[in-house]
Every structure is written in C-alpha cells, then in structure tokens.
Amino acid sequence: MNSILLAMVIVGGTGALIGILLGIAGEKFSVEVDEREVAVRECLPGNNCGGCGYPGCDGLASAIVKGDAPVNACPVGGSSCAQAIGEIMGVSADTSTKMTAYVKCAGTCEVAKNHYEYVGSEDCKLAMNNPGGGAKACTYGCTGFGNCKKVCPFGAIEIVDGVAVVDADKCKACGKCIQECPKHLIELVPADAVCHVRCSSKDKGIEVKKACQTGCIGCGLCARNCPVEAIVVENNVAHIDQEKCTRCGVCKEKCPVKVIM
C-alpha cells in the first residue's frame with residue numbers, strides 16, 4: 001500500500017513540476033500579438049482562398065497590420081470588409097472596383113469543331129497531353145472539363161455547352177480559376193464591364209474560321225472604330241483596355257463575327 005502511495009506522490013509531483021516549468025517557458029518565450037491583428041482577422045471572411053496573395057486570412061491580417069498589404073486586399077470581403085479594417089487601422093479604405101473572372105472563349109459545342117473524339121479523364125490538364133490540348137480544333141479553346149469549376153470555392157463557375165461560364169454575382173475574384181486553367185483563358189475584369197473579347201486564339205483569321213464560327217479573326221474593325229482607342233489587336237486577337245473603355249458598345253456593333261460580348 002505504501003508503495004502505491006509513494007508512486008502516486010512521485011507521479012503527482014512530477015506532473016506539478018512539469019506544469020510549473022511549462023508555465024515559466026510559456027511566459028519566457030511567448031510572442032506578443034498585436035491586438036489590431038486579432039481585430040483585423042475577425043473582420044476577414046475566413047475563406048482562406050489565397051486570392052489576396054497571402055497564406056490564408058491569418059497571413060493577410062498579419063500583413064495588413066505590418067503595412068505590407070492594403071486594408072482592401074481581401075477580394076472576398078468586398079467594400080464592407082475593407083471599411084471595417086480601415087477603421088481598425090485608422091486609414092481610409094480605397095474601395096476599388098469590384099472584379100470578376102471572365103472566360104475568354106465562346107467555342108461552344110454548336111460553333112466549335114472537333115478534330116477527334118476525346119476518350120480519357122475529364123481533366124483539363126490531362127487533356128493538354130493529347131494532340132491540340134484536347135478534341136477542339138481550336139487549340140486555344142476551353143476544353144470544358146471544368147477544372148476551374150472544381151477549384152472555385154464559391155460555386156461561381158458552371159460548364160455550359162462545353163465552355164466554362166462565370167456567374168459574376170457569385171465570383172469573389174479570388175483568382176483560383178485563373179491559376180488552374182492550363183490554357184490561360186481566364187482573366188479578371190471589372191464586374192460592370194459590358195464589352196469583352198470572348199476569344200483567345202492567336203491563329204490567323206482563315207485558320208480561326210476553320211475551327212470556330214465565332215472566333216476573333218483579328219480584322220481590327222473594333223480597334224479602328226473605338227472612339228477612345230481602348231482596343232488593340234495583338235497576335236491576331238483583340239484586347240480591350242477596360243480602364244479606357246467607356247462602354248459605348250461600338251466595338252460590339254462593328255465586330256463581324258460577334259465575338260465581343
């Protein structure tokens with residue numbers, strides 16, 4: 001009986017000693033946390049999407065407090081989040097234009113031709129290992145297998161008639177779909193933009209027409225008729241500078257293949 005009591009005393013004493021030592025170590029090596037960082041973290045939505053360029057919301061909160069990131073760096077939280085963080089940091093929140101992802105391809109099943117019947121895993125990246133990067137005659141076209149849809153944390157992307165389509169109301173501009181698309185078809189544009197060149201083909205016009213009925217043929221009519229010179233044609237495909245664009249719609253009217261939407 002005495003041996004049992006002795007063992008209990010030894011175990012209990014050892015536990016108490018370890019507890020005391022851990023307490024001392026915790027005090028000695030503790031890292032002081034800025035209260036503002038905790039407050040900023042509470043304002044962030046907690047999606048941990050990485051769209052801000054930092055490792056999750058904790059990383060962004062730390063960067064904001066250190067001055068390495070602006071108070072409106074979170075693409076998910078929007079203006080309300082930026083304003084709340086701005087009040088904590090004592091600075092003005094520049095609530096910039098809401099952005100949304102946009103897929104630069106209009107090659108639906110009805111208008112885009114196929115070179116062959118694709119048989120294999122429905123994965124955009126794996127399809128790139130096949131001739132032409134997939135069955136579509138346009139090597140720049142969306143494969144429609146939805147890798148972008150799979151990584152979107154907000155359910156903002158659907159595959160419609162063989163092409164990925166973004167719901168601007170749901171999109172938070174986190175950029176995950178941009179990183180995932182192996183053909184680099186997705187870019188961020190202002191959510192209120194009304195003119196988009198829905199094509200990424202760099203082929204010459206005659207080759208484009210062989211592959212897709214609505215591909216950009218690089219004719220330059222949109223650029224020549226734009227009253228503010230917001231459009232340029234590079235590598236046989238038109239590009240719109242959304243900062244210059246006044247949403248007049250002239251480019252849509254002049255486009256002979258109606259690929260500006």
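Being a predicted model, the structure only gives us computed values, none of them experimental.
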Under 3.5 Å: donor-acceptor pair, side chain of Lys104, backbone of Ser201: no

Between Cys43 and Ile88, the two heavy atoms sitting closest are SG-CD1, 3.5 Å

Can you tell me how far CG of Asn147 sits from CE of Met128, rounded to the nearest 0.5 angstrom? 11.0 Å

Given side-chain contact (heavy atoms from CB on, under 4.5 Å), test Met261 with Arg198 step by step and report yes or no. CA-CA 7 Å; Met261 305 175 182; Arg198 202 175 172 191; 3.5 Å; yes

Which of Ile159, Leu185, Ile186 passes side-chain contact (heavy atoms from CB on, under 4.5 Å) with Cys142? It is Leu185

Any heavy-atom pair between the side chains of Lys136 and Cys109 that's under 4.5 Å? no

Passes side-chain contact (heavy atoms from CB on, under 4.5 Å), Met89 versus Val65? Steps please. CA-CA 7 Å; Met89 298 302 297; Val65 172; 4.3 Å; yes

Interatomic distance, CD1@Ile157 vs SG@Cys177, rounded to 0.5 Å, equals 4.0 Å

Does Phe154 belong to the same Ile/Leu/Val/Met/Phe/Trp/Tyr cluster as Val166, with side-chain heavy atoms less than 4.5 Å apart forming each link? no

So with a 6.0 Å cut-off around NZ of Lys204, is the heavy-atom count from everything else above 12? no

Between Val76 and Cys49, is there a side-chain heavy-atom distance shorter than 4.5 Å? yes

I'd like to know if the side chain of Lys183 reaches the main chain of Thr139, judged simply by a donor and an acceptor atom lying under 3.5 Å from each other, with no hydrogens or angles considered. yes

So which atom in Val233 and which in Gly220 form the shortest heavy-atom distance, rounded to 0.1 Å? CG2-CA, 3.8 Å

Just by distance, do the side chain of Asp161 and the backbone of Thr108 share a donor-acceptor pair under 3.5 Å? no

Minimum side-chain heavy-atom gap Glu158-Asp167 below 4.5 Å: no

I would like to know whether His184 and Ser200 meet side-chain contact (heavy atoms from CB on, under 4.5 Å); could you show each step before the answer? CA-CA 9 Å; His184 311 293; Ser200 299; over 6 Å; no

Salt-bridged, Arg247 to Asp192, with N to O below 4.0 Å? yes

Salt-bridge criterion met for Glu234 and Lys202 (N-O under 4.0 Å): no

Are the side chains of Glu42 and Val40 in touch, meaning some heavy atoms are under 4.5 Å apart? no

Between Gln242 (side chain only) and Cys195 (backbone N and O only), is there a donor and an acceptor less than 3.5 Å apart? yes

Quick one: does Lys258's side chain have a donor or acceptor within less than 3.5 Å of a partner on Glu253's backbone? yes

Side chain proximity check, Cys124 to Pro182, heavy atoms < 4.5 angstrom: yes

Is any side-chain heavy atom of Cys152 closer than 4.5 Å to one of Lys176? no

Give the cluster check for Ile217 versus Ile231: same hydrophobic cluster or not, with ILVMFWY residues linked at side-chain heavy-atom distances below 4.5 Å. yes

Pairwise distance OG(Ser121) to OH(Tyr118) - rounded to 0.5 angstrom: 6.0 Å

Are Val103 and Met99 connected in the hydrophobic side-chain network, where two residues link if heavy atoms are under 4.5 Å apart? yes

Would you name the heavy atoms of Ala127 and Thr143 that are closest together and state the gap between them? CB-CG2, 4.5 Å

Hey, are the side chains of Val237 and Asp203 touching, using non-hydrogen atoms and a 4.5 Å cut-off? no

Between Asp123 and Leu126 (side chain of the first, backbone of the second, donor and acceptor by atom type, cut-off under 3.5 Å), is there such a pair? yes

Looking at every non-hydrogen atom in both residues, tell me the closest pair between Val163 and Gly107 and how far apart they are. CG2-O, 3.3 Å

Report, as yes or no, whether the 6.0 Å neighbourhood of atom NZ on Lys254 holds more than 12 heavy atoms from other residues, nucleotides or ligands. no

Is any side-chain heavy atom of Ile64 closer than 4.5 Å to one of Arg36? no

So NZ of Lys172 and CG of Asn47: to nearest 0.5 Å the spacing works out to 8.5 Å

Heavy-atom closest pair, residues Ala238 and Cys222: CB-SG, 3.8 Å

Taking Pro131's backbone N and O only, do any of them form a donor-acceptor pair with Tyr116's side chain (distance below 3.5 Å, no angle check)? yes

Would you give the length of the straight line joining atom CG of Asn236 to atom CD of Glu207, rounded to the nearest 0.5 angstrom? 10.5 Å

Taking Tyr54 for the side chain and Ala73 for the main chain, is one N or O donor matched with an acceptor at less than 3.5 Å? no

So if you build clusters from Ile, Leu, Val, Met, Phe, Trp, Tyr with side-chain heavy-atom gaps below 4.5 Å, do Val232 and Val250 land together? no

Are Val111 and Val259 co-members of a hydrophobic cluster defined by side-chain heavy atoms under 4.5 Å apart? no

Can Val197 and His239 be said to form a side-chain contact (heavy atoms from CB on, under 4.5 Å), step by step? CA-CA 7 Å; Val197 180; His239 299 273; over 6 Å; no

Is there a salt bridge (Lys or Arg N to Asp or Glu O under 4.0 Å) between Glu37 and Lys66 once you walk through the steps? CA-CA 9 Å; Glu37 184 175 330; Lys66 291 177 181 176; over 6 Å; no

Minimum heavy-atom distance Cys174-Pro75, with the two atoms named: CA-CG, 4.2 Å

ring-ring contact (aromatic ring centres under 6.0 Å, His included) partners of residues 60-85, not counting sequence neighbours, each pair once: none

Value rounded to 0.5 Å, distance of CD1 in Ile85 from SG in Cys74: 7.0 Å

